[in-house]
Every structure is written in C-alpha cells, then in structure tokens.
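Chain identifiers are assigned alphabetically (A, B, ...) following the order of the sequence lines, protein sequences preceding nucleic acid strands; residue numbering begins at 1 within each chain. Since the model is a prediction, treat every value here as computed from it, not as a measurement.
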Amino acid sequence: MSVRIGVLNVQGAVSEHVEHVRLAGAEPVLVKHPDDLQGLSGMVLPGGESTTIGKLMRKYGLLDPVRELAQKGLPVFGTCAGMILLASRIEGHDEPHLGVMDVTVNRNSFGRQRDSFEADVAVSGLSDDQPFPSVFIRAPHIVEAGPDVEVLATYDGKIVAARQGGLLATAFHPELTPDTRLHRKFVELAEAYQMATARH
Amino acid sequence: MAQVGTERVKRGMAQMQKNGVIMDVINAEQAKLAEAAGAVAVMALERVPSDIRAAGGVARMADPTIVEQVMKAVSIPVMAKCRIGHIVEARILESMGVDYIDESEVLTPADDKFHVNKREYRVPFVCGARNLGEALRRISEGAAMLRTKGEPGTGNIVEAVKHIRLVQGQIRKVAAMSEDELVNEAKELGAPLELLLEVHRSGQLPVVNFAAGGVATPADAALMMELGADGVFVGSGIFKSANPEKFARAVVEATMNFQDYDLLVRLSKDLGEPMKGIELSTLKDNERMAERGW
C-alpha cells in the first residue's frame, strides 16, 4: 500500500505538489484542518506567501499539531514559503512559524520578482548525479544551519536545500518542473517513517 | 546558468498566489492593513476603480511615489497598473521593480489596437479577459496570469459571474471537441491554435486565472471560487466598506474556505455597510471598462 502524504491546502502551489506526490508513488491528502492529519506518513508545505500561510495555519489550529508531529519524527517537506515555515529563525522577524528545523532563513534573498530565475543546481542525495532544474521565485535562502542539518545544495554561495532527519527544505520549487526526484526522495523518508511507526 | 524572466518563472509567480486575495491599495497604510489581513499581494494605485469612475477624465499609471511607498511598506508582492498598450508605462513599472504589471482596462487605453508585447519583459503581466478567445490572445502576447474582468468599481458581481462562467464553459466545450474541430474553433474564437490545443488536452487554461470586477462581500469572493477562479482581486470593495480591516480578513478566509458555509455565515455577520454599488443598467456603454481591450 502506498504511503499517505498530506499537502497543506491553505494557499499557493497546492495542486502542483499533489500531482508530484502522486507521480512519486504516494497518495496525496489535502490538509486544511487538524482532523486531516490522521494517518499521514509525511507532509508537504507548498510554496505561496509565507506570511499568509503562517497566519492561516494559526487560525485553523494547524500550527501546534503539525509542530508536534514534526517533533515526533513525521517527515515534512517545505518548498520556498514551506522552508520559511519550517525554520527556527527568520531574519527580521521575532517569531518563527513551526520553528522545527535548526536553520536561520532570510526571506526574498534573491531580490524582487524581476530577479527570480531558473538554474540547474547540483543537489546531493538524489537517485542520480544529474543537476536539478530549480525555479527560484522571490526565493529565501538558509543563512545559517545547525550541526544536525545536512546541506544538500548551494547556489551562488547560499544554502538552497537542506535536510535534518525527516525534514527536507528547498528554497526553490521542485513542484514547478517535471523532475520528481526530490519528491521521490521525500516519499522514501515517509516510507521509512511508516515502517518505524508500524513496529511500535 | 541562471535565466531570468522565463515563462516558468513568470507563470510560477502567479501559481504561488493561488487561493489568495489580491487587494487594491492607495497608500502604505492600506498596504500594511492588507498584508496583516492575509492578502497574497497588493495592487498599488492612485485611485481605486470606483473613484476613477467618479473622477472621470483620463486614468493613467499611478505616480511612482505611491508605488514605491507601498513597495517599502510590505514584504508581499506589489503589483501596479499600466494602460493597455502603453509600452513605456510598462517599462517604467518594470524599472521600478514592481513584481507584477497589470495591463488594465481600469485605466484609459493608450492603444486602440495593440496590447503590450509582454514576452519582452522580465516582469510578469496579468491581463483581463471576458472570454476564452481574449484570454488566449493575451497569453500569446505573453501574459503570465489572467483575471476575468467583471465590471470594476461597481460593487456588482453580475459581470464577473458572466465572464468566469463564459470562460469556464468555453474551456469545457473545447476540451470535449474532437481535434479536427479545433482549427475552426480557433478561427471563431480568434485564438491561436497551439494554445487552444493545450486547453483541449489539459482541460484548463495554461496560466492561473483570478476573478475580478465587482466583489463586494465575502460571499461574492466565495462565489468566484465556486465558479472556478484560482483566486480573487478585490478593488474598491475593501476600503470603500465600513470596516476595511474586518472586511479584508473575512474576504481572505472566505476565498480559502469557499465551501465551508458555516464559516461563511460567521464571516458575513456584522461587517457593516459594504460599498454601495452600481446597478449595471445605469452605466452608459462608454462607462463600461470591461469593453476595453481587444
């Protein structure tokens, strides 16, 4: 049976992630309310406007339960705004959102929309060595990563992909290209989590 | 190497806005209120559409000072409007670094035949459309996002409903056609065949489509989503209502939860007076903004 992966359905590139989760061989589940979190083996936080998504996650009572699940080991994959939601520290802001990943992020690090770009980026830990086609849209980057964080990719000297246990974060948008390698990597993390929790 | 201004980067920006509300603002204070209420972007203007109607005369690109003040005030994306076909206003807005340009029928058109060739810009464009042919013509000129036009500045949803229903109905029709009918359909619609083939195969528009032009209540915003919009533009509705802050928050939540009717009950309560609105039959033909654009 394929693993169930939640896709946060508040705002942003939700349908694109749903499609990629399906292509990666897992069953996507839309998550808007705390009830939707039942029986998930992983969760995706899509790109969108982090301020808007963070605000509405609080309002719908999603922030605390998702944080608890992530702290207990539920794999979570955050792209762009999703990476900001995961971070423990956001430059220029007092309060993080989920705050579960030991990184400091800077928002809109690459400039305004006219500076948004695509580039091929070498990402480690994928199924092959081909560079990943990466779309950066008003993208953030990781300024500083804690000792338990594995840096998976840098671009222009900036950390743009990282992993800490089951937490996977990219500054770019793998859901906007046909490449599903990062989603497949995440599905492997979710499968490992499902195996581990089934044993208990 | 890094490539800027690609189709994927421009359309992708609009994909990040889906399920969101884009609000018209005329100063930094309103922009901050919109951001705090959960807007995914703001449209920086000198006047909202209902005031443009009231003022009359020629409506042009906003004073760059206003746009810059809004850009400084918020971290969400900032859009601004240029006149239809006004290549230079578009270049000025691009040069200022606005995140999205709206080539808009709300302003007085600068060109009565041609729209801006939007492929030549690094900054993405959103354009208005009343039907599938108009939508696909704008995409072929390089629009990275669409909005059904409605009738701006009226607070009357009827035209917005008409336009989104027409576009969605035409998409369903094209999707159901056999491929040998499409050349003739392209001729009928005045749309490029390649884009029509794309709609035929995918059953949807190749870019994100928001609804605009007449949203005056949270229920109006939810209606647009129900009819298939990817998100909503709210122009005069917010800051012409009795309680803009409460109204803005209610519209954001209604858009994201458009089928949660218990929530919509709560969101619709005690909002105070919405904008007064205009009955469409009282508008003269030359007062209809949606007719602008070709």
- Task: Could you tell me which portion of B/V78 (side chain, backbone, both or neither) has an atom closer than 4.5 angstrom to a non-hydrogen atom of chain A?
- Result: both
- Message: Report, in residue-number order, which members of residues 85-95 of chain A are under 4.5 Å from chain B by heavy-atom distance.
- Response: none
- Item | A/C80 versus A/H173, closest heavy-atom pair with distance | CB-CE1, 3.3 Å
- Query: Are any non-hydrogen side-chain atoms of B/S104 and B/M43 less than 4.5 angstrom apart?
  - Reply: no
- Message: For A/E150, I'd like to know if atom CD has over 12 heavy atoms of other residues, nucleotides or ligands within 6.0 Å.
- Response: yes
- Indicate yes or no: at least one non-hydrogen side-chain atom of A/L8 is less than 4.5 angstrom from one of A/L62. yes
- Is any NZ, NE, NH1 or NH2 atom of the basic residue among B/D260 and A/K32 found under 4.0 Å from an Asp or Glu carboxylate oxygen of the other? no
- Query: Taking B/R8, B/R122, B/Q15 one by one, which has the highest count of heavy-atom pairs under 4.5 Å against chain A?
  - Reply: B/R8
- Task: Measure distances from A/D120 to the heavy atoms of chain B and classify the residue's part below 4.5 Å as side chain, backbone, both or neither.
- Result: neither
- Task: Name the option with the most non-hydrogen atom pairs under 4.5 Å to chain A; the candidates are B/A37, B/G5, B/G231, B/A36.
- Result: B/A36
- Could you label the plane-to-plane angle of the B/F233 and B/F210 rings as parallel, tilted or perpendicular, counting under 30° as parallel and over 60° as perpendicular? perpendicular
- What part of B/A39 gets closer than 4.5 Å to chain A, counting heavy atoms only: side chain, backbone, both or neither? backbone
- Query: For B/Y100 and B/I22, what are the C-alpha separation, side-chain angles and deciding distance, and is it a side chain to side chain contact (heavy atoms under 4.5 Å, CB included)?
  - Reply: CA-CA 12 Å; B/Y100 235 96; B/I22 299 170; over 6 Å; no
- Task: Please list, in residue-number order, every residue in residues 130-147 of chain A that has a heavy atom less than 4.5 Å from any heavy atom of chain B; write 'none' if there are none.
- Result: A/V135, A/I137, A/R138
- Item | Test item: B/N19 and B/M225 side chains (from C-beta on) under 4.5 Å apart, heavy atoms | yes
- Query: Does a side-chain N-to-carboxylate-O contact under 4.0 Å join B/E89 and B/K81?
  - Reply: no
- Under 4.5 Å from any heavy atom of chain A - which part of B/T255: neither
- Task: Output, in order, the C-alpha distance, side-chain angles, deciding distance and verdict of side chain to side chain contact (heavy atoms under 4.5 Å, CB included) for B/R138 and B/V207.
- Result: CA-CA 11 Å; B/R138 297 295 85 79; B/V207 303; over 6 Å; no
- Task: Before accepting this row, confirm whether a basic side-chain N of the pair A/R181/A/D179 lies closer than 4.0 Å to the acidic partner's carboxylate O.
- Result: yes
- Note on the structure: Ranking A/A119, A/S116, A/A81, A/G111 by heavy-atom pairs under 4.5 Å to chain B gives rank one to A/S116
- Within 6.0 Å of CD in B/E226, more than 12 heavy atoms from elsewhere: yes
- Item | pair B/M13-B/V123: side-chain heavy atoms closer than 4.5 Å | no
- Does the side chain of A/V3 come within less than 4.5 Å of A/Y193's, by heavy atoms? no
- Item | Check: B/P77 and B/Q17 side chains under 4.5 Å, non-hydrogen atoms | yes
- Query: Looking only at heavy atoms, which of residues 37-61 of chain A get nearer than 4.5 Å to chain B?
  - Reply: A/G47, A/G48, A/E49, A/T51, A/T52, A/K55, A/L56, A/K59, A/Y60
- Item | Verdict with reasoning, A/D115 to A/R112, per salt bridge (charged side-chain N to carboxylate O under 4.0 Å, His left out) | CA-CA 6 Å; A/D115 306 308; A/R112 301 196 73 96; over 6 Å; no
- Student check: side-chain heavy atoms of B/Q168 and B/L227 closer than 4.5 Å: no
- May I ask you to test the B/I76-B/M23 pair for a side-chain heavy-atom distance under 4.5 Å? no
- Of all the residues in residues 10-24 of chain A, which have a heavy atom that comes within less than 4.5 Å of a heavy atom in chain B? A/V10, A/Q11, A/G12, A/A13, A/S15, A/E16
- Task: Decide, yes or no, whether a salt bridge links B/K32 with B/E35 under the criterion of side-chain N to carboxylate O below 4.0 Å.
- Result: no
- Cut-off 4.5 Å, heavy atoms of chain A, and the answer for B/D230 is neither
- Item | B/R91 bridged to B/E94 by N-O distance under 4.0 Å | yes
